[in-house]
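Below you'll find the structure, written out as structure tokens, and then a few comments.
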Amino acid sequence: MNPTPEIQQRINQLLGQLQKASYAYYVLDNPIMEDAVYDQLYRELQELESQYPELISPDSPTQRVGDKPASQFPSVRHNIPLYSLENAFNLAEFAQWEERWKRQSPSQKTAEYVCELKIDGSAIALTYENGILVRGTTRGDGITGEDVTQNVRTIRSIPLRLSLDNPPPVVEVRGEAFLPLDTFNQINQEREQLGEALFANPRNAAAGTLRQLDPKIVDKRRLQFFAYTLHIPNQNLNSQWESLEALQQMGFLVNPNRKLCPNLEAVQEYYQNWETERRNLPYMTDGIVVKINDFALQEKLGFTQKFPRWAVALKYPAEETPTIILDISVNV
Ligand code: NAD
């Protein structure tokens, strides 16, 4: 079916709205629309693009991972790209995701999953050389991030030296830098008193803090860090679960609420349990991340242009679905 001018017009409109929103969100750390609205517009664009692939524009937000890094920090190319995660917005979509990977690997009838909480913070990559922290970078657009080493060094839950007798020459660790809710509220109270703009959510506050030019301010804000990915060249790790345990032994804080699930039903139970339980946590979560445990199967499934095929973010519905876009008149 040929696209009508109305369809092209709607796509252009979505591109414009999403581009402005994503600039405000990733670069200014100051969102202009609710996440649920962003996700809804993004989905609409994705659906139109899959119906009319000839209308996919190379600058569409569906064609890249995050946003361009801001310029005040030196940029660093990631050794291994920092991919985003595919989203599932309910259990039915999670089941579809499972069917999809099983179709890709028909000999595989079942797989163990590692369920982790999806912490609402900012992803960072840490490089250790001979056991010493030498670099900390933001995700940026997934290919290139910003070098925020000085700021990362202020995070107490990030070891400056790995707790290992014979550290390998290079170790790369990834995880989420985040602000606990009480710190987030305290920072916003202080900002209110000073007449400064408030942070919209802990994730933007964490991202904004990581990009502070003055490490002393970062230090005062007390960011925390949960580690979730470990890369060691020529490593002999076999699974995500093993990696998480190794990270803990190396001195990292690993979220204790992880669970090894033998099948889809166990994932469903974990998801449903944390939908209410997460309100008792001292930090924000917006879903769970489900990863295939076995590294051999992960390798077999590989990546799309944007996502690993072996992991999915299973999100919780927004507390109340906002229907309005707050303001999209930001200058880009
Ligand atoms: P995402 O937040 O949906 O998922 C990927 C991220 O999850 C990773 O980069 C990592 O930072 C994080 N994560 C947390 N815990 C993890 C764990 N245990 N394992 C692995 N990763 C974990 O994807 P994204 O590409 O970072 O952001 C897209 C989302 O950002 C959208 O869904 C939207 O809600 C929001 N967004 C909002 C606006 C807006 O204007 N409100 C604009 C742009 C994007």
Side-chain angles (χ1 to χ4, degrees), residues 14 17-43 45-46 61-68 78 81-89 113-125 137-142 145 173-178 199-204 206-207 210 224-230 240-241 243-244 247 252-259 270 274 278 281 283-292 298 305-308 310-318 321-322 324-328 330 332:
L14 288 168
Q17 288 180 337
L18 289 168
Q19 192 196 0
K20 281 179 183 160
S22 132
Y23 178 78
Y25 185 88
Y26 288 111
V27 181
L28 306 179
D29 296 320
N30 190 13
I32 52 170
M33 64 176 78
E34 298 285 344
D35 282 1
V37 175
Y38 181 89
D39 291 341
Q40 211 174 302
L41 298 176
Y42 189 96
R43 276 249 156 150
L45 178 64
Q46 252 180 340
T62 59
Q63 305 301 300
R64 68 160 152 192
V65 181
D67 218 294
K68 286 274 164 273
H78 298 298
L82 258 95
Y83 288 88
S84 181
L85 291 172
E86 184 172 355
N87 284 328
F89 290 96
Y113 296 116
V114 177
C115 287
E116 299 169 29
L117 294 180
K118 185 169 184 294
I119 312 298
D120 210 16
S122 203
I124 47 179
T137 30
T138 62
R139 188 175 85 177
D141 63 4
V173 173
R174 288 164 177 195
E176 204 75 358
F178 65 98
F199 285 121
N201 52 49
R203 183 184 203 179
N204 289 109
L210 279 170
Q224 297 203 21
F225 179 79
F226 280 130
Y228 49 63
T229 301
L230 175 61
Q240 172 65 5
W241 193 258
S243 295
L244 294 175
L247 282 166
F252 289 94
L253 188 61
V254 177
N255 193 292
N257 303 311
R258 57 189 183 273
K259 192 164 187 207
Y270 180 91
W274 282 102
R278 70 196 174 116
L281 293 169
Y283 44 82
M284 272 275 266
T285 53
D286 61 339
I288 67 169
V289 183
V290 188
K291 300 171 186 169
I292 287 180
Q298 284 193 7
Q305 206 195 344
K306 287 183 69 172
F307 313 116
W310 41 264
V312 66
L314 178 48
K315 297 222 170 155
Y316 290 119
T321 305
I324 46 155
I325 295 169
L326 301 179
D327 171 20
I328 52 160
V330 108
V332 286

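Just so you know, ligand 1 is whichever comes first in the structure, and atom 1 is the first atom listed for that ligand. Just so it is clear, the model here is predicted, and its values are computed rather than measured.
Any N or O atom pair closer than 3.5 Å counts here, and K118 shares at least one such pair with ligand 1. Considering backbone and side-chain N/O atoms, D35 comes within less than 3.5 Å of an N/O atom of ligand 1. Ligand 1 has a nitrogen or oxygen under 3.5 angstrom from a nitrogen or oxygen of M33. Looking at ligand 1, you won't find any N or O of Y83 less than 3.5 Å from one of its N or O atoms.
The proximity of D39 to ligand 1, defined as any non-hydrogen pair under 4.0 Å, is limited to the side chain. Proximity of R203 to ligand 1, defined as any heavy-atom pair under 4.0 Å, is confined to the side chain (atoms from C-beta onward). Using a 4.0 Å cut-off between heavy atoms, E116 contacts ligand 1 through its side chain alone, with no backbone atom that close. Here A313 has no heavy atoms under 4.0 Å from ligand 1, in either its backbone or its side chain. Heavy atoms of E176 found under 4.0 angstrom from ligand 1 belong exclusively to the side chain. Only the backbone of L117 comes within contact range of ligand 1, with a heavy atom under 4.0 Å; no side-chain atom does.
Closest approach of K306 and Y42 over heavy atoms only: NZ-OH, 2.5 Å. Shortest non-hydrogen contact noted between L244 and A227 is CD2-O, 4.1 Å.
For the residue pair Q240 / Q298, no side-chain donor-acceptor distance below 3.5 Å is found, with atom types taken as modelled.
Expressed to the nearest 0.5 Å, how far CD1 of I124 lies from CZ of F178 amounts to 11.0 Å. To the nearest 0.5 Å, atom CG of residue D120 and atom CG of residue D286 are 4.5 Å apart.
Of all the atoms in ligand 1, the ones that sit under 4.0 Å from a non-hydrogen atom of S84 are 23 (O), 24 (P), 25 (O). Taking a cut-off of under 4.0 Å to the non-hydrogen atoms of A21, the atoms of ligand 1 that pass are 40 (O), 42 (C). The contact set between ligand 1 and K315, taken as ligand atoms under 4.0 Å from a residue heavy atom, comprises 3 (O), 32 (O). Here is the list of ligand 1 atoms found below 4.0 Å of a heavy atom in N87: 3 (O), 32 (O).
Side chains of S84 and R139 form a contact here, defined as non-hydrogen atoms less than 4.5 Å apart. Looking at heavy atoms from C-beta onward, V289 lies out of side-chain contact with Y113 at the 4.5 angstrom threshold.
Ring geometry, Y25 versus Y38: the interplanar angle falls under 30°, so the pair is classed parallel (tilted spans 30 to 60°). Ring-plane geometry between F226 and Y283 is classed as perpendicular, the angle between the planes exceeding 60 degrees on a 0 to 90 degree scale with a lower cut at 30.
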